[in-house]
Amino acid sequence: MLGLAAEQLRADMNRLLSLLFHQGVLDEQFLQLQQLQDESSPNFVSEVVNIYFHESEKLLRNLRTFLMDREFSDYKKIGMHLNQFMGSSSSIGAKRVRNVCVAFRAASEQNNRAGCLRALEVLEHEYSYLKNKLHELFQIEQQRVLAAGVRYPIQHNNNNNN
């Protein structure tokens with residue numbers, strides 16, 4: 001019974017991942033990240049992604065602070081933050097976030113404040129969507145691990161009782 005629950009959760013994870021790939025939210029780099037996870041580091045992907053979230057939120061706050069300052073004119077600083085955001089997004093396979101950063105950087109290179117503000121809104125939206133979906137994925141993964149893991153001690157105990 002518990003094995004069926006784990007298999008259903010695995011199917012749910014696969015459907016969610018398929019959707020995220022189909023929507024262009026994630027790319028193959030996310031799969032490569034998953035391949036680095038093994039029994040010795042079972043939470044590797046979620047740990048890496050949580051570091052990404054932490055750093056990204058700082059970058060988003062800084063970008064918003066820069067653009068809310070009417071006197072701000074150092075668009076090179078925005079470009080530096082966006083380069084960092086693009087690099088970290090690429091490293092976890094956050095394709096749509098990375099693509100929005102590219103467009104945002106183009107607006108910053110033209111010192112286009114209105115374009116930067118629009119791009120920031122799109123970036124915040126894409127980032128929020130990514131974060132929500134990856135949290136959903138990690139929750140399903142935790143449930144799957146629990147459902148799969150509960151079964152083994154029961155079998156192990158039954159073997160000891162025989």
Side-chain angles (χ1 to χ4, degrees), residues 1-68 77-109 115-153:
M1 183 71 164
L2 293 171
L4 293 174
E7 287 307 310
Q8 180 60 46
L9 290 165
R10 182 180 301 284
D12 291 347
M13 283 178 55
N14 288 337
R15 273 192 294 281
L16 179 55
L17 277 172
S18 292
L19 173 70
L20 295 175
F21 280 97
H22 179 72
Q23 292 175 334
V25 173
L26 295 175
D27 65 20
E28 62 282 344
Q29 184 60 36
F30 188 80
L31 295 176
Q32 290 177 7
L33 192 63
Q34 284 184 311
Q35 290 174 353
L36 297 174
Q37 182 167 295
D38 59 20
E39 291 172 9
S40 67
S41 56
N43 300 316
F44 178 75
V45 175
S46 65
E47 289 169 2
V48 169
V49 170
N50 282 324
I51 291 168
Y52 166 79
F53 289 152
H54 180 73
E55 294 301 314
S56 296
E57 285 169 20
K58 283 195 285 190
L59 290 168
L60 284 169
R61 270 194 310 276
N62 289 343
L63 289 166
R64 179 153 293 283
T65 299
F66 295 154
L67 290 169
M68 290 298 111
K77 194 178 279 189
I78 288 176
M80 288 172 32
H81 278 68
L82 289 169
N83 286 340
Q84 189 176 348
F85 209 160
M86 283 187 307
S88 59
S89 296
S90 291
S91 72
I92 68 152
K95 182 179 178 180
R96 279 195 347 205
V97 169
R98 185 196 66 229
N99 291 345
V100 172
C101 287
V102 171
F104 193 158
R105 188 176 62 185
S108 74
E109 288 170 350
C116 285
L117 285 168
R118 282 191 304 276
L120 178 60
E121 284 184 32
V122 174
L123 181 57
E124 288 172 334
H125 172 78
E126 287 297 334
Y127 171 78
S128 178
Y129 183 76
L130 171 72
K131 185 175 181 181
N132 289 335
K133 290 301 179 184
L134 288 181
H135 276 306
E136 183 181 337
L137 182 71
F138 295 146
Q139 285 177 333
I140 296 170
E141 170 69 3
Q142 284 179 329
Q143 292 170 358
R144 186 195 65 75
V145 168
L146 288 173
V150 168
R151 181 177 60 161
Y152 297 122

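Taking every heavy atom of both residues into account, Lys77 and Phe66 meet most closely at CD-CZ, 3.2 Å. Across Ile140 and Leu9, no two heavy atoms sit closer than the pair CG2-O, 3.3 Å. A pairwise comparison of heavy atoms in Ala107 and Gly115 identifies CB-C, 3.8 Å as the closest pair. Residues Leu137 and Met13 come closest through the heavy atom pair CD1-O, 3.9 Å.
Between Leu123 and Leu63 the shortest side-chain heavy-atom distance falls below 4.5 Å. With contacts defined as side-chain heavy-atom distances shorter than 4.5 Å, the pair Phe104/Val122 does not qualify. Gln84 places none of its side-chain heavy atoms less than 4.5 Å from the side chain of Met80. Residues Val102 and Leu82 are not in side-chain contact: their nearest non-hydrogen atoms beyond the backbone lie 4.5 Å or more apart. Here the side chains of Ser128 and Asn132 are in contact, with some heavy-atom distance below 4.5 Å. Looking at heavy atoms from C-beta onward, Glu141 lies in side-chain contact with Gln37 at the 4.5 angstrom threshold. Side chains of Leu134 and Val45 form no contact here, defined as non-hydrogen atoms less than 4.5 Å apart.
Residues passing the ring-ring contact (aromatic ring centres under 6.0 Å, His included) test with His125: none are found, sequence neighbours excluded. Under the rule for a side chain to side chain contact (heavy atoms under 4.5 Å, CB included), the partners of Gln29 that lie at least two apart in sequence or sit in another chain are Asp27, Gln32. Listed by chain and number, the residues in a ring-ring contact (aromatic ring centres under 6.0 Å, His included) with Phe30 amount to none (sequence neighbours excluded). Considering only residues two or more places apart in sequence or on other chains, Asp12 meets the side chain to side chain donor-acceptor pair (under 3.5 Å) condition with Gln8, Arg15.
Judged purely by atom type and a 3.5 angstrom limit, Tyr52 has no side-chain atom pairing as donor or acceptor with the backbone of Ala94. No donor-acceptor distance shorter than 3.5 angstrom exists from the side chain of Ser89 to the backbone of Met86, with no hydrogens or angles considered.
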- Item | Worked check of side-chain contact (heavy atoms from CB on, under 4.5 Å) between Val97 and Val25 | CA-CA 7 Å; Val97 169; Val25 173; over 6 Å; no

Check the pair Phe85 / Arg98 against side-chain contact (heavy atoms from CB on, under 4.5 Å), numbers first and verdict last.
-> CA-CA 7 Å; Phe85 209 160; Arg98 185 196 66 229; over 6 Å; no

CA sep, side-chain torsions, deciding dist, call: His54, Asn50, side-chain contact (heavy atoms from CB on, under 4.5 Å) | CA-CA 6 Å; His54 180 73; Asn50 282 324; over 6 Å; no

Next on the checklist: As a quick check of understanding, evaluate salt bridge (Lys or Arg N to Asp or Glu O under 4.0 Å) for Glu124 and Arg64, giving each step before the final call.
Outcome noted: CA-CA 10 Å; Glu124 288 172 334; Arg64 179 153 293 283; 2.7 Å; yes

Apply side-chain contact (heavy atoms from CB on, under 4.5 Å) to the pair Leu16 and Phe21, showing each step before the final yes or no.
-> CA-CA 9 Å; Leu16 179 55; Phe21 280 97; over 6 Å; no

Query - Test log, rule salt bridge (Lys or Arg N to Asp or Glu O under 4.0 Å), inputs Arg118 and Glu121 - result: CA-CA 5 Å; Arg118 282 191 304 276; Glu121 284 184 32; over 6 Å; no

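For the salt bridge (Lys or Arg N to Asp or Glu O under 4.0 Å) condition, the pairs that include at least one residue of residues 125-138, sequence neighbours left out, are Glu57-Lys131, Arg96-Glu126, Lys133-Glu136. Judged as a salt bridge (Lys or Arg N to Asp or Glu O under 4.0 Å), not a single pair has a partner in residues 31-47 (not counting sequence neighbours).
Distance check: Ser56 OG to His81 NE2 gives 11.5 Å after rounding to the nearest 0.5 Å. Within the model, atoms CG of Leu33 and CG of Leu26 stand 10.0 Å from one another, a figure rounded to the nearest 0.5 Å. Going from atom CD of Gln139 over to atom CD of Gln142 covers 7.0 Å, rounded to the nearest 0.5 Å. Expressed to the nearest 0.5 Å, how far CD1 of Ile78 lies from CG of Asn83 amounts to 12.0 Å.
The aromatic rings of Phe53 and His135 are tilted relative to each other, their planes meeting at an angle between 30° and 60°.
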